[in-house]
Amino acid sequence: MRYNVQESETRWQKIWADKKSFLAVEDKSRPKYYVLSMLPYPSGRIHMGHVRNYTLGDVVARYKRACGFNVLHPMGWDAFGLPAENAARERKIHPATWTYDNIKNMRAELVRMGLSIDWTREFATCDVTYYKHQQKLFLDFLKAGFVYQKEAWANWDPVDHTVLANEQVIDGKGWRSGAPVEKRKLSQWFFKITTYAEELLGALEGLDRWPEKVRLMQENWIGKSSGARFMFALADDSKQSDDTQPKDIEIFTTRPDTLFGASFIAISPHHPLAAALAKNDKKLAAFIATCDRTSTSEVAIETAEKHGYDTGLKARHVFDQSWKLPVYVANFVLMDYGTGAIFGCPAHDLRDLEFALKYKLPVKPVVLPPDKTAETFKIDKEPYLGNGTIFNSDFLNGLDVEAAKQAAINKIQSLKAGQGTTLFRLRDWCISRQRYWGCPIPIIHCESCGAVPVPEKDLPVKLPDDVLFDKPGNPLEHHPHWKNVSCPKCAKPARRETDTCDTFVDSSWYFARYCSANLADKPLDRHQVDYWLPVDQYVGGVEHAILHLLYSRFFTRAMHATGHVGVDEPFAGLFTQGMICHESYKDKDGKWLYPEEVEKMPNGQATEIKTGEAVTVGRSETMSKSKKNVVDPGQIIDSYGADTARLFMLSDSPPERDLEWTDAGIDGAWRYLNRLWRMVAEPPIALPPIGTPRPQNFAAKTETIIRLIHRTIADVSSDFERFHFNRAVARVRELSNALEEMNANDTESAWVLREGLETLARLINPMLPHIAEEMWKLLGHKIMLVETPWPKADPALLIEDTVTIAVQVNGKLRATITLPRDLDAKKAEALALADSNVRRALEGKTAKKIIVVPNKIINVVA
RNA sequence: GCGGCCAUGGCGGAACUGGUAGACGCGCUAGCUUGAGGUGCUAGUGGGGGAAACCUCUUGGAAGUUCGAGUCUUCUUGGCCGCACCA
């Protein structure tokens, strides 16, 4: 007999659905646990990354459920976005049709994975019933001051008539059109994420169940730096281009302690002063134009080379009005950071040093390293960045770097030239997208009233269905009448905002919406949200380490401020899984081949099945459609079943690391599934009926098995708690190996075997839910495993009476001895020394020192 | 360039706070069983030596701390990831 996977898996899936096994209902009497896998984009098919992601989430959900938690484990669709519009353009399918068809297919695939999801809470972010609430949140945020509109530079694709995200600009060209991207100033909507910059940074520390790596990435992204901003006055005798030219330059620095080492001022090519000067300086205008050109296309290559243009202007040093510094326009100074102007201190900054060496500017050290003397210390090709004592610096002399920073800031403030300040790298979040398939921004533009929020009673602002994708640009803009409305304030003819929201907005609150997914009249129900939030365990890919997670953290704070939720942090625990990798194959013409088009030889060579020609085998790398090194989960589940796929995902590789897909691995998982089934379908010993009382005594061999059963319960439980699923699988396999070897046909052994098999079924249940239920049923149980609590290890059976102790002589293992547990150190010592191997290793020498670590090791030093 | 992570058999990986390195699996070898096409069972499997007991070397490399280091420290090599002139 063989295990009939397909029959069994579809049967259990139906039973779970019929019994509503995974329906989540608020229940104050039980602790809640919210498990969430990252929202999938409905591309049409699930891929291996999804399988891994949802398997991990499902193991946690099923395990916590068995442990007595009231579990919420929902699923939905991140359904807005560009691919649907591309499909519409390329294949003349309406984005909605394309999206909902894809959702239907993918939902069916997810159901076949046997996930313990509460499907009653499912929604797609493109449902009007979802995005109308998002529009309400937008209006609330607007009222609370989290939203504003401003002119901002955007990457504009002149062929597709659309704005491109930075990652859609490749070598300065649009990723679809290939046309050189232009910088255009557009009026766009922003969320004020910078309001919370300090808090988003500070709260990272409290996210102790987040990967260190992700917290670090967010920390760097937010990029806090403290320093000072202050004015350098332009000297009177500087040449003046016209009256509109500013009289001073404001700079930002994190190193006010090095001010006495200043040798120049540099401003960005985009600085207003540069623009003013360029009006009467053709050479400068040309220089700025060169900077613009290199700044878009060849950023990576040009990074090293620094260029500057001496404006001829002089700036007076803040601390010494007689000291005049030259003012350069320099290509390495960014306009959108700080004030767009810096002072250069070559001795203590690499970039300033490069610049100074190139333009022969003075290099004057002002920080003396602890091991150097003032007379001999010189800066050559390397700036000195470390701590030290300030010298050559007037009133700062003798201070260390930190003290000097503070002293310099105090002085600047007393001079009324500026003040100490903190700067963040984090920018406000531009949410405007010039696209159709997104949530409309609920704003009406009126000639006389300006940007007017759509009144709440008029929500939702629905996307029109009758749109055409026959020409480039935003279909909402081209629609015959959708954008023509009357102003809600003055009733004059006005124009709807035709921008839609960035899809990151959709995914910034979906986790909260699941708590009251079917609520019609408002976005969230405070009681339900307060019960379920925060998400206890969030699972997804590292690729969202910054944007999605940071936006969600901001959104949650904004929702808190507007009274929609009661928490600041959406995700208490975060787990980021690794990618799925596979070898790639190329034919002789260099065209990629799918794995199923290739036959592998035992010697590692490969040939194309169709042609018989040799195939180049590439190294294993992340599965991607472009390289065709993908394996379709649907096909795997068809032939091996969901449990096999799930087991493969959990075995061997730790979940945070990349996983290599191999056919051998899936075969191994499949064989194990069959072994499990055979163990209960055809047990080696006849099993006693359920509820047979536990025998009083066991033979030593049987006792060992009993102890192993309980050891395994304890180990697997702690492995699950710590996301060590590969270890859990190993522990489970050890137990099944031991049970398979049982052959004594006595009543005690039979009892222990039943105990072992039942434990096995319960332990694998979170990972392999279908076969676990099947085994449980074969063992005669009427109550399903989904309703059966997690097994508890008997603490008495976890403690061994005897322990095996390693005996070392001079740090080298010479013997292992078995001793009663917690044996007195002196006695243990004596027994160790009596061991023949130990005596031989000592070669008659006497022990100088003996280290005894109870129940672990004895080291004899001779 | 800056910041971070990682390195263990032929392969994926175990080893909790420094305490028997190589659990578990894949692969391979030998034998048995089964047999038409994702079988099952037994034994073995880090390198070198030995019939064996056992000895010896071994966690990218070099040094150090320690009775004892895969684990801690310093240097070094290689790989992966993030940021990239952020003043």
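Atom set for the values below is all heavy atoms of this structure, side chains included, hydrogens, waters and symmetry mates excluded. Every chain is numbered from 1, with letters handed out A, B, ... down the list of sequences.
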side-chain hydrogen bond (donor to acceptor under 3.5 Å, both in side chains) against A:E800, all qualifying residues, sequence neighbours excluded: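 side-chain hydrogen bond (donor to acceptor under 3.5 Å, both in side chains) check on A:E800 returns nothing, list empty.
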Using a cut-off of strictly less than 4.0 Å, decide whether [X] has a side-chain nitrogen or oxygen near OP1 or OP2 of [N].
{"X": "A:Y672", "N": "B:rG25", "result": "no"}
{"X": "A:R814", "N": "B:rC55", "result": "yes"}
{"X": "A:R678", "N": "B:rU39", "result": "no"}

Find the partner of [N]: check Watson-Crick (N1-N3 plus N6-O4 or O6-N4) and G-U wobble (N1-O2, O6-N3) distances, both under 3.5 Å, and reply none if neither fits.
{"N": "B:rG22", "result": "none"}
{"N": "B:rA84", "result": "none"}
{"N": "B:rU65", "result": "none"}
{"N": "B:rU17", "result": "none"}
{"N": "B:rC32", "result": "B:rG40"}

A:R229 side chain vs A:E250 backbone, donor-acceptor pair below 3.5 Å: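 No; judged by distance alone, with no hydrogens or angles, the pair does not exist.
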Donor-acceptor under 3.5 Å (A:R707 side chain, A:I799 main chain):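 Yes; at least one donor-acceptor contact below 3.5 Å.
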Could I get a table of every N or O pair under 3.5 Å where one atom is in the protein and the other is in nucleotides 28-32 of chain B?
none

Select base, sugar-phosphate, or nothing to describe what [X] touches, counting heavy atoms under 4.0 Å on all strands.
{"X": "A:V860", "value": "nothing"}
{"X": "A:R425", "value": "base"}
{"X": "A:S225", "value": "sugar-phosphate"}
{"X": "A:N810", "value": "nothing"}
{"X": "A:R427", "value": "nothing"}

Pair of N/O donor and acceptor under 3.5 Å linking B:rC67 base with A:K848 side chain: no
Write down the distance between [atom1] ([X]) and [atom2] ([N]), rounded to a whole number of angstrom.
{"X": "A:R675", "N": "B:rC41", "atom1": "CZ", "atom2": "C1'", "answer": "11 Å"}
{"X": "A:R229", "N": "B:rA87", "atom1": "CZ", "atom2": "P", "answer": "13 Å"}
{"X": "A:H544", "N": "B:rG82", "atom1": "NE2", "atom2": "P", "answer": "13 Å"}
{"X": "A:R255", "N": "B:rC85", "atom1": "CZ", "atom2": "P", "answer": "20 Å"}
{"X": "A:W661", "N": "B:rC11", "atom1": "CH2", "atom2": "C1'", "answer": "17 Å"}
{"X": "A:M679", "N": "B:rG40", "atom1": "CE", "atom2": "C1'", "answer": "15 Å"}
{"X": "A:I409", "N": "B:rA87", "atom1": "CD1", "atom2": "P", "answer": "14 Å"}
{"X": "A:F725", "N": "B:rG25", "atom1": "CZ", "atom2": "C1'", "answer": "18 Å"}

For nucleotides [N] and [M], find the distance between their [atom1] atoms and express it as a whole number of Å.
{"N": "B:rG78", "M": "B:rG10", "atom1": "P", "value": "22 Å"}
{"N": "B:rG44", "M": "B:rU76", "atom1": "C1'", "value": "39 Å"}
{"N": "B:rU65", "M": "B:rU71", "atom1": "C1'", "value": "14 Å"}
{"N": "B:rG48", "M": "B:rG9", "atom1": "C1'", "value": "15 Å"}
{"N": "B:rU33", "M": "B:rU39", "atom1": "C1'", "value": "10 Å"}
{"N": "B:rG22", "M": "B:rC28", "atom1": "P", "value": "24 Å"}
{"N": "B:rG12", "M": "B:rA23", "atom1": "C1'", "value": "13 Å"}
{"N": "B:rG70", "M": "B:rG61", "atom1": "P", "value": "11 Å"}

Test ring-ring contact (aromatic ring centres under 6.0 Å, His included) applied to A:F252 - qualifying residues, sequence neighbours left out: none
A:Y672: ring-ring contact (aromatic ring centres under 6.0 Å, His included) partners, not counting sequence neighbours: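 By the ring-ring contact (aromatic ring centres under 6.0 Å, His included) rule, A:Y672 matches no residue at all.
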Go through the structure and list residues passing side-chain contact (heavy atoms from CB on, under 4.5 Å) with [X], not counting sequence neighbours.
{"X": "A:L739", "answer": "A:M679, A:I705, A:L735, A:M742, A:L753, A:L757, A:L760"}
{"X": "A:A730", "answer": "none"}
{"X": "A:I379", "answer": "A:A347, A:L353, A:V363, A:P365, A:F377, A:Y384"}

Approximate separation, where rounding is to 0.5 Å, of A:I805 CD1 and A:D835 CG: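 Rounded to the nearest 0.5 Å, the CD1-CG separation comes to 12.0 Å.
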Contact pattern, 5' to 3', of nucleotides 13-23 of chain B - B, S or - by protein heavy atom under 4.0 Å: SSS---BB--B
Check: residues 253-265 of chain A side-chain donor-acceptor pairs under 3.5 Å, at least two apart:
{"from": "A:T253", "atom 1": "OG1", "to": "A:R255", "atom 2": "N", "distance (Å)": "2.8"}
{"from": "A:R255", "atom 1": "NE", "to": "A:D257", "atom 2": "OD1", "distance (Å)": "3.1"}
{"from": "A:R255", "atom 1": "NE", "to": "A:D257", "atom 2": "OD2", "distance (Å)": "3.3"}
{"from": "A:R255", "atom 1": "NH2", "to": "A:D257", "atom 2": "OD2", "distance (Å)": "3.0"}
{"from": "A:T258", "atom 1": "OG1", "to": "A:R255", "atom 2": "O", "distance (Å)": "2.9"}
{"from": "A:S263", "atom 1": "OG", "to": "A:P362", "atom 2": "O", "distance (Å)": "3.0"}

Earlier contact from the 5' end, RNA chain B, for A:R733 and A:K224: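 Result: A:R733.
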Closest-nucleotide ordering on RNA chain B, the 5'-leading residue of A:V333 and A:E740: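 The residue whose closest nucleotide sits nearer the 5' end is A:E740.
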B:rG9: syn or anti, per glycosidic angle within 90° of 0: syn
For nucleotides 1-5 of chain B, tabulate all protein N/O to nucleotide N/O atom pairs closer than 3.5 Å, reporting atom names and distance.
none

Any pair counted as salt bridge (Lys or Arg N to Asp or Glu O under 4.0 Å), so long as it reaches residues 654-668 of chain A, sequence neighbours left out: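 Every pair satisfying salt bridge (Lys or Arg N to Asp or Glu O under 4.0 Å) with a residue in residues 654-668 of chain A: there are none.
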Validation row, ring centre A:W670 to ring centre A:F648 under 6.0 Å: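 Aromatic pair excluded; centres sit 6.0 Å or further apart.
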Within the 6.0 Å centroid threshold, strictly below: A:F720 and A:F725: yes
If you check the [X] side chain, which of [options] turns out closest?
{"X": "A:K812", "options": "B:rG25, B:rA87, B:rU56", "value": "B:rU56"}
{"X": "A:T253", "options": "B:rA87, B:rC24, B:rC55", "value": "B:rA87"}
{"X": "A:W221", "options": "B:rC54, B:rC83, B:rC24", "value": "B:rC83"}

Would you give me the side-chain donor-acceptor pairs under 3.5 Å for residues 848-859 of chain A, sequence neighbours excluded?
{"from": "A:N855", "atom 1": "OD1", "to": "A:D822", "atom 2": "N", "distance (Å)": "2.8"}
{"from": "A:N855", "atom 1": "ND2", "to": "A:D822", "atom 2": "OD1", "distance (Å)": "2.8"}
{"from": "A:N859", "atom 1": "OD1", "to": "A:G811", "atom 2": "N", "distance (Å)": "3.1"}

Criterion side chain to side chain contact (heavy atoms under 4.5 Å, CB included) on A:Q808 and A:R814, from CA distance to verdict: CA-CA 5 Å; A:Q808 298 180 333; A:R814 293 300 169 183; over 6 Å; no
